[in-house]
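Here is the structure we will look at.
The shown structure was predicted, so the numbers you read here are calculated from the model rather than taken from an experiment. First the proteins, then the strands, lettered A, B, ... as listed; each starts at 1.
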Amino acid sequence: MMKPSLPKGIRDFLPVEVLKRKYIFDTIEKVFRKYAYIAIETPTMENLDTLTGKYGDEGDQLLFKVMNNGDFLRKSDAEAFKEGDSLRFASSISKRGLRYDLTVPFARYVVMHQNDISFPFKRYQIQPVWRADRPQKGRYQEFYQCDVDVVGSESLMYEAELVKIYDEVFSELRLEVEIKVNNRKILAGIAEVSGLSDHFMEMTVIIDKLDKIGSEKVVEQLQGLHISEDTARGIISLIGAKSLDELSLAFRDSGVGQAGIEELKTFHSYFDLLECNNKVVFDPSLARGLSYYTGCIFEVKSLETEMGSIGGGGRYADLTSNFGLKDMPGVGVSFGAERIYDVMEELGKFPEDLSIAPDLLFVCFDQAGHLKAFQYCAELREKGLVCDVYPDHGKMKKQMKYADSIGVKYVGIIGDEELASGTVMLKNMRSGEQDAVIIEDLLMKIRMDYLNADSFKI
RNA sequence: GUGGUUGUAGCUCAGUUGGUUAGAGCGCCUGAUUGUGGUUCAGGAAGUCGUGGGUUCAAAUCCCAUCUUCCACCCCA
């Protein structure tokens, strides 16, 4: 016998966990649909060349590759094998991979189906993705992403709409968050006025760590890009700006910086018309690693717990040009469902009445009772009651113990007396009380109990 | 990918400087109770000590490798 196990970083889910996860997904999906986004799905596997080169070298390392079928060794790159070049050899025996995120497959989808969809195209997608990352807190090799994007429009109306969607979902989940907003053009402006335009990516990676490693370390690392300490400190003060006005003076010689300010002002002209429950703050230090963002960027942090970001997104000017379609701007955000789950679990924010237990379980003593229970159960199911029949008659203790362990709210006992009188001995498993109820009244009796007592909430 | 950490019964964990037959609690099964669960009592089943090597008269215990867990870094949701 083999010991059962799972590959690292991936998980099973118990019924109660599935229920909680569904609660999160359903909440998110409901809001997506309300804002007129529609669902699409893309396959688990993509061609490897669709995925490679889109996430940087690090991303390529983290792609799960699927080995070719058939006599793949014959066609493999023997030279790469001899040289011990894993990456090159792998690509010679693997032409497919598991999707790494939902955005790149979406870009591929938009290009392939451009004649079948109308723009602006508002889509959402809730599906698992896979990364061969080393697992740790809030980080798994298989996890769900919940993406909403709109492609085919440059309107900053959508930025406002997406921030509102964040606010609405997290309000619904009763999580207090801070939604950070910035614009890549602000960062480009900072790079420009600091003489770092050629090291833009490196600069953003460093300043993104500001709240993690502190300003001194950031200054130190920025100087590694061959700028003076004064310039580095200048960058710190720019990304510490609290308002757009503070930046506009600094950006008087930076066209891109000014464009960033304009975009954020336009964003606000829409966004300020909306009611929001959560804090939405301008944070010039927000960078986001993904290189395809070109305009506004967003990140959501939980205010109640120490968790990394639980959502992020932004605008990209030309996501689809990789696949041969120009001038297709888009903007989108993603919800980190796994981390949201962990945060909600930690804070005890799941609703108390999420229940996986049936309303009623029939138990009985002999075959005649069992058949009657089976019949009653079918009738009650027709009327919408979630009920079940214990599969074996006989040992009452065993049946009751099962009823208790699944948390069922009522047990219906059927024995000789009940058969003779057309009743069911209805036992309330919370209170322990029981009464003989004629079968016609059973459903009503249960419904009345439900209305009168909230004792059924777990 | 780098560094650290963890693994003993279904679960949570004890297990002394290496030394008889590896323990506990919970859970599970049986009975006290042949029409009643969640309480109590009595009894019982259950472990190749992650896996593979090595050292030793002797290894859960020491050494090496490997897998896994969790954590930090890199990066990210």
Side-chain angles (χ1 to χ4, degrees), chain A residues 1-11 14 24 28 55-63 86-87 99-103 126-147 201 204-206 208-209 212-213 217 221 287-291 298-302 306-313 333-343 357 361-366 369 390 393-419 424-436:
Chain A
M1 190 192 73
M2 67 172 290
K3 191 177 176 175
S5 70
L6 235 34
K8 73 171 164 197
I10 76 177
R11 304 161 293 164
L14 293 169
I24 293 174
I28 291 171
Y55 309 106
D57 290 345
E58 304 247 5
D60 286 353
Q61 304 273 356
L62 300 180
L63 282 173
S86 302
L87 216 57
R99 66 166 169 258
Y100 178 90
D101 71 357
L102 300 177
T103 309
I126 299 176
Q127 289 190 276
V129 303
W130 292 267
R131 296 182 189 179
D133 206 354
R134 198 171 282 200
Q136 54 175 284
K137 192 179 184 65
R139 180 181 270 191
Y140 309 94
Q141 293 205 340
E142 177 182 61
F143 62 98
Y144 272 74
Q145 285 190 332
C146 312
D147 277 22
M201 277 303 295
T204 57
V205 168
I206 293 170
D208 203 29
K209 299 181 199 164
K212 203 168 184 178
I213 64 176
K217 285 254 168 64
Q221 292 192 14
R288 308 268 321 146
L290 290 171
S291 49
F298 314 104
E299 191 161 288
V300 184
K301 281 196 73 173
S302 165
E306 287 300 318
M307 174 65 78
S309 80
I310 55 177
V333 298
S334 180
F335 290 79
E338 317 291 344
R339 289 188 178 178
I340 292 170
Y341 182 100
D342 290 347
V343 169
L361 178 76
F362 283 105
V363 302
C364 44
F365 299 98
D366 53 24
Y390 193 83
H393 48 76
K395 288 244 178 349
M396 182 60 23
K397 187 185 172 81
K398 193 175 169 137
Q399 299 187 63
M400 291 300 289
K401 206 163 173 147
Y402 174 74
D404 189 56
S405 72
I406 62 172
V408 70
K409 293 141 192 158
Y410 293 92
V411 166
I413 303 167
I414 300 181
D416 290 343
E417 292 162 39
E418 289 79 11
L419 277 175
V424 170
M425 185 59 73
L426 185 67
K427 175 160 182 162
N428 180 325
M429 292 296 280
R430 289 304 137 78
S431 65
E433 290 165 11
Q434 62 181 46
D435 285 303

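In this model, the phosphate group of B/rU69 is not approached by any side-chain N or O of A/Arg134 to a distance below 4.0 Å at OP1 or OP2. An OP1 or OP2 oxygen of B/rA72 is reached within less than 4.0 angstrom by a side-chain nitrogen or oxygen of A/Gln136. Contact check, A/Lys395 against B/rG31: a side-chain N or O comes under 4.0 Å of OP1 or OP2. Contact between the side-chain N/O atoms of A/Lys209 and the OP1/OP2 oxygens of B/rC75 is found at a separation under 4.0 Å. Contact annotation: A/Lys397 side-chain N/O to B/rU36 OP1/OP2 distance is not under 4.0 Å.
Pairing of B/rG27, defined by two Watson-Crick or G-U wobble distances under 3.5 Å, is not identified with any nucleotide. Nucleotide B/rA77 forms a pair with no other nucleotide shown, judged by Watson-Crick or G-U wobble geometry with both contacts under 3.5 Å. Pairing partner, B/rU48: none, since no Watson-Crick or wobble contact has both distances short of 3.5 Å.
Proximity note for A/Lys8 (side chain, C-beta onward) versus B/rG38, B/rC76, B/rU69: the nearest is B/rU69.
Here A/Tyr402 does not lie in a stacked arrangement on the base of B/rG37, lacking the combination of planes under 30° and ring centres under 5.5 Å apart.
Rounded to whole Å, the distance from CG on A/Asp133 to P on B/rC71 is 13 Å. Distance CE (A/Met429) to C1' (B/rG38): 7 Å, rounded to an integer number of Å.
Across all strands, A/Ile340 comes closer than 4.0 Å to no nucleic acid atom at all (heavy-atom distances). No engagement by A/Glu142 is indicated, since no non-hydrogen atom pair under 4.0 Å with the nucleic acid exists.
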